[in-house]
Number of protein chains: 2
Amino acid sequence: MHQKKEIINKLRSSNLRPTKQRILIAKKLFDRKETFHFTAETLNQVINKKGQSRISLATIYNTVEAFKKAGHIREILTNNSKSYYDTNIKSHHHFYDPETKKLTDIDYQEVVLNKIPNPPKGKKIKDLEVIISLQKK
Amino acid sequence: MHQKKEIINKLRSSNLRPTKQRILIAKKLFDRKETFHFTAETLNQVINKKGQSRISLATIYNTVEAFKKAGHIREILTNNSKSYYDTNIKSHHHFYDPETKKLTDIDYQEVVLNKIPNPPKGKKIKDLEVIISLQKK
DNA sequence: TCCTAGTTTATAATTATTCTAAACTAGTAA
DNA sequence: TTACTAGTTTAGAATAATTATAAACTAGGA
Ligand SMILES: [Mn+2]
Ligand SMILES: [Mn+2]
Ligand SMILES: [Zn+2]
Ligand SMILES: [Zn+2]
């Protein structure tokens, strides 16, 4: 699905040199079927598991920030102390389970709003997010 | 509106001794017309402005946590590095302006949803929040 | 008034993240 | 090819928010 060439083009198109670190991180992030909701820590675990490769934590942070600026990932709203990111950059919504701290995607069309307020003057709506917090039944 | 007695009762009812620090913090938080969206830092500024009273930052944090646990305030979802709290504990929604980092309340009935997805099995919905991010028109 | 569990406080510790500056490398041009 | 350089990576230091520690204080009942 995400061949090396595609990844390199993606990086080039956002003025990011396709270094081996960025290519590896991009592979881990984008070469998967399901959305990946992650923190710097979880990404670091995925990348640096059991002495395989070795990418510094600083590069993990730098790359996440670069990918975010380039629009390849987006940051998620949480009230966790860590920043959460999402490989799904389409407008969509989330279930949040405070017990497991896991987010699950909700397709945009699964939520239908038929009334929303007007934004304050001088402002327009950039994005609308719905977060549905869960609890045990 | 929020007399000292009411505040003391509120504290007592949640098993919090009405100390002078908690009473003062509660007054600053709850004795106001508009919702207060705050961080530990902004609350500390409100409390410890120009050499008036003096409550330690540790107590600010302790009290915010205690009030949150007691359900007198709630934490807000943001992607800011600081934790945001809200004196409006009713279910409601927010505009978020990333430029000013300010939140504005949206009344619950200002947003009408006529389709929401079913929660995963074993779970039920605890809360549903809508955050509308703004940008310059 | 005395007692004690609960609270406050200064300060240290921790955690997530950003900064720094030196070493490295991708890409280009000689 | 080789040399150059701007961009990148990295270890480690610095910062910022928050939490933990433990000693001093206090609310409120006996
Ligand atoms: Mn937060
Ligand atoms: Mn957050
Ligand atoms: Zn998502
Ligand atoms: Zn609010």
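Letters go in sequence order (proteins before strands), and every chain restarts at 1. We use all heavy atoms of the structure for the numbers below, so side chains are in, but hydrogens, waters and symmetry mates are not. As the structure is a prediction and not an experimental result, all values here were calculated from the model.
B:Thr19 comes within 4.0 angstrom of sugar-phosphate atoms only, judged by non-hydrogen atoms across all strands, and of no base.
Nucleotide C:dG27 holds its P atom 10 Å from the CG atom of A:Leu11, rounded to whole Å. Rounded to a whole Å, the CZ atom of B:Phe38 is 16 Å from the P atom of D:dA17. Rounded to a whole Å, the OH atom of A:Tyr61 is 13 Å from the P atom of C:dT15. Rounded to whole angstrom, the span from the CG atom of B:Asn62 across to the P atom of C:dT9 amounts to 9 Å. Rounded to a whole Å, the CG atom of A:Leu24 is 11 Å from the P atom of D:dT10. Atom CD in B:Glu65 sits roughly 11 Å away from atom P in D:dT18 (whole-Å rounding). Atom OH in A:Tyr85 sits roughly 6 Å away from atom P in C:dT17 (whole-Å rounding). Between A:Lys82 atom NZ and D:dA16 atom C1' the separation is 17 Å, expressed in whole Å.
Interatomic distance, CD1 of B:Ile60 versus CD of B:Gln45, reported as 10.5 Å (0.5 Å rounding). Between A:Thr35 atom OG1 and A:Leu103 atom CG the span is 10.5 Å, to the nearest 0.5 Å. To the nearest 0.5 Å, atoms OG1 (B:Thr63) and CD1 (B:Ile55) are separated by 7.0 Å. Annotation: the span from A:Thr104 atom OG1 to A:Asp97 atom CG amounts to 7.5 Å, rounded to 0.5 Å.
Distances shown here put a side-chain N or O of B:Gln21 below 4.0 Å from the OP1 or OP2 atom of C:dT9. Applying the 4.0 Å criterion to OP1 and OP2 of D:dT9, one finds that A:Arg22 has a side-chain N or O inside that range. Residue A:Ser83 has a polar side-chain atom (N or O) positioned under 4.0 Å from OP1 or OP2 of C:dT17.
If you find the closest nucleotide of DNA chain D to B:Arg12 and to A:Arg54, the one lying nearer the 5' end belongs to A:Arg54. Between B:Arg17 and B:Ala40, the residue anchored closer to the 5' end of DNA chain D is B:Ala40, taking for each the nucleotide with the nearest heavy atom. Comparing B:Leu57 and B:Leu16 by the nucleotide of DNA chain C whose heavy atom lies nearest to each, the residue mapping closer to the 5' end is B:Leu16.
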Q.
Set out, in order, the CA-CA distance, both residues' side-chain angles and the distance that settles side chain to side chain contact (heavy atoms under 4.5 Å, CB included) for B:Thr39 and B:Tyr85, then state yes or no.
A. CA-CA 6 Å; B:Thr39 64; B:Tyr85 300 90; 5.8 Å; no

